[in-house]
Amino acid sequence: DVKVTQSSRYLVKRTGEKVFLECVQDMDHENMFWYRQDPGLGLRLIYFSYDVKMKEKGDIPEGYSVSREKKERFSLILESASTNQTSMYLCASSLDVQGRASQYFGPGTRLLVL
Amino acid sequence: SQQGEEDPQALSIQEGENATMNCSYKTSINNLQWYRQNSGRGLVHLILIRSNEREKHSGRLRVTLDTSKKSSSLLITASRAADTASYFCATAGGYNKLIFGAGTRLAVHP
């Protein structure tokens, strides 16, 4: 059974802190994605990666960076957390980066920035 | 933007009834996908329909695609309380990534 795991289900951080969200997949997928989900806005793509050490900006990359040192692991970094980054963060992986295949999602991390 | 937009935003039905959700989009697509999200959880892929397909079935799910109207519908037959969730359509076209709509919240009452 395919699996995408995220390091935390809930996280509370203070404004200005550096925050790391980790995602691991066991499907040997080359493509991984980070989304944030806010009420009424659906999922918005922050960053994606199509190979180890490769990354591309999504629709809302400002205030975020990513790291992909190993194929199975994709990290999202909030360099200096702000209250407007309070959100649900979802990681996904896929066989395809252009949406021609389904995406497999982790359970999400609900981040609260105080 | 080719973002899918779901309609209605919320739907409340009784167990055993059918639930229909619609998705409209703006530009040409390669495929359209439907996902389910249980409260506070990640999304689960339900079904993918390609642009050259008109209808697809999976268990109690039936998806139709009308590319001339740029719309899709998801029908859940004989709904159960466990179907209570949010349902999202996502479109993929050209070199674009998957773009998700804001979702339909379905509540199925016992």
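Letters A, B, ... are given to chains in the order of the sequence lines, protein chains preceding strands, and every chain is numbered from 1.
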- Message: A quick test of your reading: do over 12 heavy atoms of other residues, nucleotides or ligands sit less than 6.0 Å from CZ of R50(B)?
- Response: no

- Message: Looking at E79(A), I'd like to know if its CD atom is crowded, meaning that more than 12 non-hydrogen atoms belonging to other residues, nucleotides or ligands lie closer than 6.0 Å.
- Response: yes

- Query: M88(A) versus R41(B): any side-chain heavy-atom pair under 4.5 Å?
  - Reply: no

- Message: With clusters defined by side-chain heavy atoms of hydrophobic residues (ILVMFWY) lying less than 4.5 Å apart, directly or transitively, does L48(B) cluster with L65(B)?
- Response: no

- Query: Would you say R14(A) has more than 12 foreign heavy atoms packed within less than 6.0 Å of its CZ?
  - Reply: no

- Can you find a heavy atom in the side chain of Q37(B) that is under 4.5 Å from one in the side chain of L90(A)? yes

- Item | Closest approach of G40(A) to A102(B) (non-hydrogen atoms, all atoms of both residues) | O-CB, 3.7 Å

- Message: Please classify the contact of R44(A) with chain B as side chain, backbone, both or neither, using a heavy-atom distance under 4.5 Å.
- Response: neither

- Which portion of L43(B) sits near chain A, non-hydrogen atoms under 4.5 angstrom: both

- Transitively linked via ILVMFWY side-chain contacts under 4.5 Å: V108(B) with L11(B)? yes

- Task: Grab the two heavy atoms, one from Q33(B) and one from S102(A), that are nearest each other, plus how far apart they are.
- Result: OE1-CA, 3.4 Å

- Item | Atom group of A101(A) that falls short of 4.5 Å from chain B, counting heavy atoms | backbone

- Would W34(A) and L45(A) show up in the same hydrophobic cluster when neighbours are defined by side-chain heavy atoms closer than 4.5 Å? no

- Check the hydrophobic clustering (I, L, V, M, F, W, Y; side-chain heavy atoms under 4.5 Å; chains of links allowed) and say if L21(A) and Y47(A) are grouped together. yes

- Item | Spacing of L43(A) atom CG and I99(B) atom CD1 [to the nearest 0.5 Å] | 12.0 Å

- Query: Checking Y35(B) side chain against Q103(A) main chain: does a donor-acceptor pair fall under 3.5 Å?
  - Reply: yes

